[in-house]
Amino acid sequence: MTRAKPPTSDLARLHSLYDRIAEQGLCTRPGADPNHWFPEREPGRNAETQRRFYEQAAAARCFDCPAKTACRVTAEIEESELLLEHGYTPHGIRAGLAPWVRLDLLIASNKASNVEEEAA
Ligand code: SF4
């Protein structure tokens with residue numbers, strides 16, 4: 001079974017969330033460097049250390065962001081639909097989370113939805 005299509009038909013809600021991110025997001029403020037939300041791999045670090053540094057950077061970049069909840073919701077909606085329909089995998093930092101963390105959450109959410117559908 002596949003998960004039902006996410007509620008992207010609620011465009012007014014999404015636009016409201018986008019507006020909140022544009023107005024309040026730390027990454028959207030004047031002078032913010034977008035590259036900080038797409039950290040480069042540091043040479044010489046092993047994979048585990050790289051992931052740990054990335055996750056720490058993600059948490060730090062978004063720690064005080066007043067738009068974090070809106071960011072988390074939009075990321076989940078967008079990335080869920082893109083993953084299910086196009087095989088897209090998340091990239092970059094969103095809502096204080098590394099892309100593989102968001103992917104794990106999406107997969108877990110999808111499995112939970114499938115279990116709920118099968119139980120219905
Ligand atoms: S939570 Fe992070 S990625 Fe999301 S809007 Fe705020 S600073 Fe940007």
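Ligands are counted one by one from 1 in listed order, and the atoms in each one are counted from 1 as well. Note that this is a predicted model, so its numbers are computed, not measured.
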For this session: Using a 4.0 Å heavy-atom threshold (strictly under), name the region of A95 that reaches ligand 1: side chain, backbone, both or neither.
Result: backbone
Seminar exercise, completed: shortest atom 8 (Fe) of ligand 1-to-protein heavy-atom contact is with C27 SG, 2.3 Å
For this session: May I ask you to list the atoms of ligand 1 that are less than 4.0 angstrom from any heavy atom of L26?
Result: 7 (S)
Seminar exercise, completed: Closest to atom 2 (Fe) of ligand 1 (heavy atoms only, candidates A32, A22, C62) is C62
Exercise. Is the distance from atom 4 (Fe) of ligand 1 to some N, O or S atom of C71 under 2.8 Å?
Worked result: yes
Exercise. Are the side chains of R94 and T74 in touch, meaning some heavy atoms are under 4.5 Å apart?
Worked result: yes
For this session: Could you walk me through whether E76 and R72 pass side-chain contact (heavy atoms from CB on, under 4.5 Å), step by step?
Result: CA-CA 6 Å; E76 184 175 345; R72 179 77 192 97; 4.1 Å; yes
Exercise. For ligand 1, which atoms, with element, lie under 4.0 Å from some heavy atom of C65?
Worked result: 1 (S), 5 (S), 6 (Fe), 7 (S)
Problem set entry | Sub-4.5 Å side-chain heavy-atom contact between I93 and P39 | yes
Exercise. Would you say the side chain of E81 lies within less than 4.5 Å of the side chain of Y88, judging by non-hydrogen atoms?
Worked result: no
Problem set entry | Step-by-step side-chain contact (heavy atoms from CB on, under 4.5 Å) determination, R41 to Y54 | CA-CA 9 Å; R41 191 178 172 79; Y54 197 112; over 6 Å; no
